[in-house]
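These notes are about the structure you will find just below.
All figures in this text were calculated on a predicted structure; none of them were measured in a lab.
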Amino acid sequence: MIRPEKMSPAKYTAVMGLLFAAAAALNMLESIFSAFLPAGIRVGLSNIVIMTAILCINLPSAALLTLLKAGMVLMTRGLTAGIMSLCGSFAAFAVTALLFRKTGCSYILISVLGALAHSFGQLCAASALLGTVYVFAYAPVLAIASTVTGVCTGLVLKTVFPLLRARF
């Protein structure tokens, strides 16, 4: 069962709906910022929602939100963007979930490592789609961007999480 036993079905449905809506809205907001950033770089604001789900609900629910977010990208931006989102998001989800569950790392460090994993997952997808390993030449640029954006999203999570946790 995906729904935690501590939540009623109605509350779970409402919370998941709100989290998906927040992830979708933040993902669309990121599109505005990405116009001013180098190719392939996004801020990663919707990952705050996934991290919140990992911390406040459970891993299956966070994985479902990750899948729904990638599906939304597929529907709004096309197949290539959907594949890139799915690969990057699940790489970030795996790293983030593992670090939150198995370590005492800070939100900022976990966010940075999740952003790096997201970029690596997307590079792997791009390599498979294009049939070349030369896309990994872009890795240093993405590593720098992932570090910066990971710090930013980690700071946001660190700031808003205490307020969100009280609501769950």
If you take all heavy atoms of [X] and [Y], which pair is closest and at what distance?
{"X": "Arg77", "Y": "Ser31", "result": "NH1-OG, 3.9 Å"}
{"X": "Leu59", "Y": "Ala97", "result": "CD2-CB, 3.5 Å"}
{"X": "Thr147", "Y": "Ala143", "result": "OG1-O, 2.8 Å"}
{"X": "Thr96", "Y": "Ile54", "result": "CG2-CD1, 3.8 Å"}
{"X": "Lys69", "Y": "Phe20", "result": "N-CE1, 3.9 Å"}
{"X": "Ala23", "Y": "Ser46", "result": "O-CB, 3.5 Å"}

Inter-residue atom distance [X].[atom1] - [Y].[atom2], 0.5 Å rounding:
{"X": "Leu123", "Y": "Leu130", "atom1": "CG", "atom2": "CG", "value": "10.5 Å"}
{"X": "Ile50", "Y": "Phe93", "atom1": "CD1", "atom2": "CZ", "value": "8.0 Å"}
{"X": "Phe136", "Y": "Leu142", "atom1": "CZ", "atom2": "CG", "value": "10.5 Å"}
{"X": "Thr66", "Y": "Leu86", "atom1": "OG1", "atom2": "CG", "value": "9.5 Å"}
{"X": "Met16", "Y": "Lys11", "atom1": "CE", "atom2": "NZ", "value": "14.0 Å"}
{"X": "Ile48", "Y": "Phe161", "atom1": "CD1", "atom2": "CZ", "value": "12.5 Å"}

With distance as the sole test, does [X] use its side chain to make a donor-acceptor pair with the main-chain N or O of [Y] at under 3.5 Å?
{"X": "Ser127", "Y": "Thr132", "result": "yes"}
{"X": "Ser85", "Y": "Ala81", "result": "no"}
{"X": "Ser61", "Y": "Ile57", "result": "no"}
{"X": "Arg42", "Y": "Thr149", "result": "no"}
{"X": "Asn47", "Y": "Gly114", "result": "no"}
{"X": "Gln122", "Y": "Cys87", "result": "no"}

Identify whether [X] and [Y] are in the same connected component of the hydrophobic contact network (ILVMFWY, side-chain heavy atoms under 4.5 Å).
{"X": "Phe90", "Y": "Ile83", "result": "no"}
{"X": "Leu129", "Y": "Val73", "result": "no"}
{"X": "Leu157", "Y": "Phe33", "result": "yes"}
{"X": "Leu65", "Y": "Leu18", "result": "no"}
{"X": "Leu67", "Y": "Leu98", "result": "no"}

Just so I know, are the side chains of [X] and [Y] near enough to count as touching, which here means a heavy-atom distance under 4.5 Å?
{"X": "Leu29", "Y": "Ile32", "result": "yes"}
{"X": "Ser146", "Y": "Phe120", "result": "no"}
{"X": "Met51", "Y": "Tyr107", "result": "no"}
{"X": "Leu37", "Y": "Val43", "result": "yes"}
{"X": "Met28", "Y": "Thr76", "result": "yes"}
{"X": "Leu45", "Y": "Asn27", "result": "no"}

Steps toward side-chain contact (heavy atoms from CB on, under 4.5 Å) verdict (Ile41, Val141): CA-CA 9 Å; Ile41 296 172; Val141 172; 4.1 Å; yes

Going by atom types only, do Thr153 and Ser111 share a side-chain donor-acceptor pair under 3.5 Å? yes

